[in-house]
> 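Okay, handing you the structure first.
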Amino acid sequence: MRPYTFAAARSVGEALEQARDGSAYLAGGTTLVDLMKLEVLTPAHVVDITAVPLHGIRADAKGLSIGAMERMADVAGHDLVAGPYPMLAEALRQSASPQIRNMATIGGNLLQRTRCGYFRDPATPCNKREPGSGCPAVDGHNRSHAILGTSDACVATHASDLAVALVALDAQLSLRGPGGERTLPLAGFYRLPGDTPHLENELRPGELVTGVSVPALPWARRSTYVKVRDRQSYEFALCSAAVAVNVTGGVIREARVAAGGVGTRPWRLPAVEQALKGRPMRTETFEAAAAHAVGGARPLSRNAFKAALLRRTIVRALVHLAG
């Protein structure tokens, strides 16, 4: 780990004042510290925001609001989350390990970096880490990489389970920086890699994530998050699906579907949603709709199985909700 200067903030204002070029904010530290140890990230200055009061889990007629400094474990177990939005609670409970969930924050989880081994190894090229150096994953070890939203410059998969569920629910991200406060749809916050994979999101220099809000959606009580991985715990998704359905008289009136583990960002699937609407809640419907999930997919040499896995994961989620 390289030397750096350190400061602690007790308010958002202090945090913004103490930020500078080449600085990083430290919340739970479960991603930042790891990457600093690997010298993948080398901030010259670190601002500790653990005492900044960005807490609170609240619900009203408009929906659910969660402070960026809330811990993942606390949010997963909260009555305002687990009951009205099961897919959020399940996505959080299936993330990382209990120890990490007790430390990691909501804001930090949404900003976590890819698990691509090439990105995390400074001895190898990586366009995310060093623009223009290349992407060895394109022709290399790419079993866990993306099949949707890729480019010749990057095929790294987005890592957050929570982000997949939030994108399915049309969540909004609250940000505050030197230029003031602003709100963005979470789905529009993450960038496709294109020719600039080192620019992963719309966060501006010095900005803080202050919270996330989910619009009221009463039928989100009928939702789930299914995660397929190589082992049952402390493993990132090969594929996941966040699904919610509004069913009346055995017919699907509305649906929300997003996928993880297969895209360079959390991947909303509007074609699947449209194919479900107005159809009976049965397996044939699920299979026909899931076939729309892989439009535009670009499988790599070692992850072509993900196209079929994505379809089956969506069907599995829908079958669970039908049970």
> More than 12 non-hydrogen atoms from neighbouring residues, nucleotides or ligands closer than 6.0 Å to CD on Glu39, yes or no?
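Atom CD in Glu39 is crowded, with more than 12 foreign heavy atoms closer than 6.0 Å.
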
> Heavy atoms, side chains only, cut-off 4.5 Å: are Val257 and Trp267 in contact?
no

> Report the residues that fulfil ring-ring contact (aromatic ring centres under 6.0 Å, His included) with His145, sequence neighbours left out, ordered by chain and then residue number.
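Applying ring-ring contact (aromatic ring centres under 6.0 Å, His included) to His145 gives none.
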
> Can you tell me if Thr285 uses its side chain to pair, donor with acceptor, with the backbone of Arg279 under 3.5 Å?
no

> Do you know the tightest heavy-atom contact between Thr30 and Ala104?
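It is OG1-CB, 3.6 Å.
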
> For residues Met72 and Asn109, determine if any side-chain heavy atom of one lies less than 4.5 Å from a side-chain heavy atom of the other.
yes

> Give, for atom NE2 of His320 and atom OG1 of Thr224, the distance between the pair rounded to the nearest 0.5 Å.
4.0 Å

> Any luck finding a side-chain donor-acceptor pair between Arg302 and His141 under 3.5 Å?
yes

> So do the side chains of Thr5 and Arg20 get within less than 4.5 Å of each other, counting heavy atoms only?
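Yes, close enough: below the 4.5 Å cut-off.
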
> Please determine if Lys277 and Glu254 form a salt bridge, counting it only when a charged side-chain N lies under 4.0 Å from a carboxylate O.
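No, Lys277 and Glu254 are not salt-bridged.
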
> For Ser240 and Ala237, indicate whether the former's side chain and the latter's backbone hold a donor-acceptor pair under 3.5 Å.
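No.
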
> Does Arg268 come within less than 4.0 Å of Glu273, counting only side-chain N to carboxylate O?
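Between Glu273 and Arg268 there is a salt bridge, with a charged N closer than 4.0 Å to a carboxylate O.
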
> Search all heavy atoms of Pro53 against all heavy atoms of Arg10 and return the closest pair with its distance.
CD-O, 3.4 Å

> Set out, in order, the CA-CA distance, both residues' side-chain angles and the distance that settles ring pair (Phe, Tyr, Trp, His ring centres under 6.0 Å) for His158 and Tyr190, then state yes or no.
CA-CA 9 Å; His158 193 272; Tyr190 298 112; 4.5 Å; yes

> Between Asp170 and Arg256, is there a side-chain heavy-atom distance shorter than 4.5 Å?
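In contact.
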
> Are the side chain of Arg231 and the backbone N or O of Tyr234 linked by a donor-acceptor pair below 3.5 Å?
yes

> Do Arg222 and Asn246 make a side-chain contact, defined as non-hydrogen atoms from C-beta onward lying under 4.5 Å apart?
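Answer no - side chains too far apart.
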
> Whether the Ser301 and Asn142 side chains hold a donor-acceptor pair (N or O, under 3.5 Å, no angle test) is what I'd like checked.
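Yes, side-chain donor-acceptor contact under 3.5 Å.
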
> Got a donor-acceptor contact below 3.5 angstrom from the Arg316 side chain to the Val226 backbone?
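Between the backbone of Val226 and the side chain of Arg316 there is no qualifying donor-acceptor contact (under 3.5 Å).
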
> Backbone N or O of Gln112 within a donor-acceptor pair of the Thr31 side chain at under 3.5 Å?
no

> With the side chain counted from C-beta on, respond yes when Leu186 and Gln172 share a heavy-atom pair under 4.5 Å apart, and no when they do not.
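A side-chain contact under 4.5 Å is absent here.
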
> Is it true that Asp230 and Arg143 have a side-chain N and a carboxylate O under 4.0 angstrom from each other?
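Yes, this pair counts.
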
> Any salt bridge between Glu202 and Arg191, counting N to O under 4.0 Å?
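The answer is yes: the pair qualifies as a salt bridge.
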
> Tell me whether the count of non-hydrogen atoms from other residues, nucleotides or ligands lying under 6.0 Å of CG in Asn102 goes above 12.
yes

> Using 4.0 Å as the upper bound for N to carboxylate O, is an ion pair formed by Glu235 and Lys227?
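So Lys227 does not pair with Glu235 through a salt bridge.
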
> Quick one: pull up CG in Leu192 and OG in Ser151 and give me the separation to the nearest 0.5 Å.
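Nearest 0.5 Å value for the CG-OG distance: 8.5 Å.
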
> Could you grab the distance from atom CG of Leu162 to atom CG of Leu92, nearest 0.5 Å is fine?
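That separation rounds to 5.0 Å.
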
> Is the backbone of Ile147 close enough, under 3.5 Å, to the side chain of Thr150 for a donor and an acceptor to pair up by distance?
no

> Can you tell me how far the OG atom of Ser213 sits from the CD1 atom of Ile66, to the nearest 0.5 Å?
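Separation between the atoms: 9.0 Å.
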
> Specify the closest pair of heavy atoms between Pro136 and Pro125, including all atoms of both residues, with the distance to one decimal.
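Closest approach of Pro136 to Pro125, heavy atoms only: CD-O, 3.3 Å.
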
> Looking at side-chain heavy atoms only, is the closest gap between Phe286 and Val272 below 4.5 Å?
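No, every pair of side-chain atoms sits at 4.5 Å or beyond.
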
> Check whether any side-chain heavy atom of Met69 lies under 4.5 Å from a side-chain heavy atom of Ile49, and answer yes or no.
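Result yes, sub-4.5 Å side-chain heavy-atom pair found.
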
> Working to the nearest 0.5 angstrom, can you tell me the gap between Leu238 CG and Asn303 CG?
9.5 Å

> Taking Arg113 first and then Glu200, would you say they form a salt bridge - that is, a charged N and a carboxylate O separated by under 4.0 Å?
yes

> Determine whether a donor-acceptor pair (N or O, by modelled atom type, separation under 3.5 Å) exists between the side chain of Tyr25 and the backbone of Ala19.
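No: the side chain of Tyr25 does not pair with the backbone of Ala19.
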
> Please check this pair: side chain of Lys306 against backbone of Leu300, looking for a donor-acceptor N/O pair closer than 3.5 Å.
no

> Indicate whether any N or O donor in one side chain lies under 3.5 Å from an N or O acceptor in the other, for Thr105 and Glu70.
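On atom types as modelled, these side chains do not qualify, holding no pair under 3.5 Å.
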
> Report, as yes or no, whether the 6.0 Å neighbourhood of atom CG on Asp79 holds more than 12 heavy atoms from other residues, nucleotides or ligands.
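At most 12 heavy atoms, drawn from other residues, nucleotides or ligands, come within 6.0 Å of this atom.
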
> Please check: side-chain N/O of Ser95 versus main-chain N/O of Asp161, any donor-acceptor pairing under 3.5 Å?
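Not a single qualifying donor-acceptor pair exists.
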
> Is there a donor-acceptor pair under 3.5 Å between the side chain of Thr196 and the backbone N or O of Leu199?
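Not at all, since once roles are kept as given, no pair shorter than 3.5 Å links the two residues.
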
